[in-house]
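Letters A, B, ... mirror the listed sequences (proteins, then strands); counts begin at 1.
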Amino acid sequence: MNRCERVAQNFSPSKAREAQEVLSRLVRRESVKGEVLYVGGIDVSYRGKLGIGVFVIMKYPTAEPLGCSYVAKEACVPYVPGLLAFREMEVAAPLVGAVLRSHRIDLLFVNGHGIAHPRRFGLATHVGLVFKTRTIGVARRRLVGTEVREGNRILLTHEGETVGARLGSFYVSPGWGVTLEEALEYTSTLTRKGLPEPLRLADRLGKALGAEAGNGGDCAWLMREL
DNA sequence: GCGACAG
DNA sequence: ATCTTGTCGC
């Protein structure tokens with residue numbers, strides 16, 4: 001049995017859920033103040049067992065692309081609904097940590113739910129708490145909750161709590177340090193077509209990089225071609 | 001037991 | 001998410 005198989009064997013969904021319940025009490029729901037000039041977008045795509053994490057940096061609110069870096073490594077933790085963060089963090093955490101240490105990022109868009117999660121601790125919230133950075137969760141599909149129309153918007157309600165909202169073809173939920181209102185404002189401002197720009201670009205770059213098979217590094221060169 | 005189920 | 005051929009529609 002190789003290292004990756006051992007990691008998979010060791011992964012305990014029940015313990016991971018317990019961890020989420022403990023950590024979710026530490027999440028900052030109130031808004032963190034501070035001007036937003038630089039935003040990031042993080043996305044992980046897969047090619048077989050290889051996970052490709054991409055981090056893009058953009059100017060806010062123009063969505064001008066400023067930088068890109070990526071990592072590629074075997075994804076060992078299996079995907080379990082509600083535990084996506086444990087799978088993606090294995091690939092993306094080192095990348096996010098490295099970029100946040102060397103660049104100013106005021107707000108980070110994450111491909112996955114924030115508090116719109118069974119234990120209010122989706123991927124975006126997990127990333128925000130670990131790195132103490134404002135995050136917004138954006139997901140194409142719903143994990144929990146029911147849609148409730150309220151005026152001109154569609155809210156996502158779960159167990160009596162408003163945990164997010166639908167914006168066009170995707171769902172938005174607060175990750176860490178932002179309110180739902182702020183999340184919707186920042187997200188709609190950066191949305192041109194489909195997903196918000198930081199995630200749309202990270203998504204396309206990940207797929208393009210998948211055909212390259214590099215180990216990681218700077219991808220600004222490729223970014224300039226898309 | 002059955003259906004739902006981010007990426 | 002990814003695998004994966006042909007096929008339906010604008």
- Take the protein atom CD of A:E88 and the nucleotide atom C1' of C:dT2, then report the distance between them rounded to whole Å. 13 Å
- Message: With a strict under 4.0 Å distance from non-hydrogen atoms of chain A, what nucleotide opens and what nucleotide closes the contacted stretch of DNA chain B, reading 5' to 3'?
- Response: B:dC5 to B:dG7
- Task: Scan A:V80 against the nucleic acid and name what it touches under 4.0 Å (heavy atoms): base, sugar-phosphate only, or nothing.
- Result: nothing
- Reckon A:R140 has a side-chain N or O less than 4.0 Å from the OP1 or OP2 of C:dA1? yes
- Query: Do A:E181 and A:Y186 have side-chain N/O donor and acceptor atoms under 3.5 Å apart?
  - Reply: no
- Query: Do A:E18 and A:K15 meet the salt-bridge criterion of a basic N to acidic O distance under 4.0 Å?
  - Reply: no
- Message: What does the 5'-to-3' dot-bracket notation of DNA chain C look like when only Watson-Crick and G-U wobble pairs under 3.5 Å count, and pairs to other strands show as |?
- Response: ..........
- Between C:dT2 atom P and A:R87 atom CZ, what is the distance in whole Å? 10 Å
- Intra- and inter-strand pairs of DNA chain B in dot-bracket (Watson-Crick or G-U wobble, both distances under 3.5 Å; | for another strand): .......
- Query: Looking just at side-chain N and O atoms, do A:H158 and A:R120 make a donor-acceptor pair shorter than 3.5 Å?
  - Reply: yes
- Query: Quick one: A:H113 NE2 to C:dA1 P, roughly how many Å, whole number?
  - Reply: 12 Å
- Message: Is the ring pair A:F86/A:F11 parallel, tilted or perpendicular, if the boundaries are 30 and 60 degrees?
- Response: tilted
- Could you check whether A:Y79 gets within reach of a base, just the sugar-phosphate, or nothing at all, counting any heavy atom under 4.0 Å? base
- Base, sugar-phosphate, or nothing for A:L83, non-hydrogen atoms under 4.0 angstrom? base
- Query: Quick one: does A:L201's side chain get under 4.5 Å of A:L199's, heavy atoms only?
  - Reply: no
- Any cation-pi pair here, A:R101 with A:F131, using under 6.0 Å and within 45°? no
- Message: Could you check whether A:R166 pairs with A:E147 (Lys NZ or Arg NE/NH1/NH2 to Asp/Glu carboxylate O, under 4.0 Å)?
- Response: yes
- Message: What I want to find out is whether A:E88 reaches A:K73 closely enough, with some N-O distance under 4.0 Å, to be called a salt bridge.
- Response: no
- Whole-Å distance separating the CZ atom of A:R47 from the C1' atom of C:dT4: 13 Å
- CD (A:Q20) and CG (A:L83) are apart, to the nearest 0.5 Å, by 5.0 Å
- Query: How many angstroms lie between atom CD1 of A:I136 and atom CG of A:L107, to the nearest 0.5 angstrom?
  - Reply: 4.5 Å
- Got a sec: does the CG of A:N2 have more than 12 other heavy atoms crowding it under 6.0 Å? yes
- Give A:G137 one of three labels, base, sugar-phosphate or nothing, depending on what nucleic acid heavy atoms sit under 4.0 Å from its own. nothing
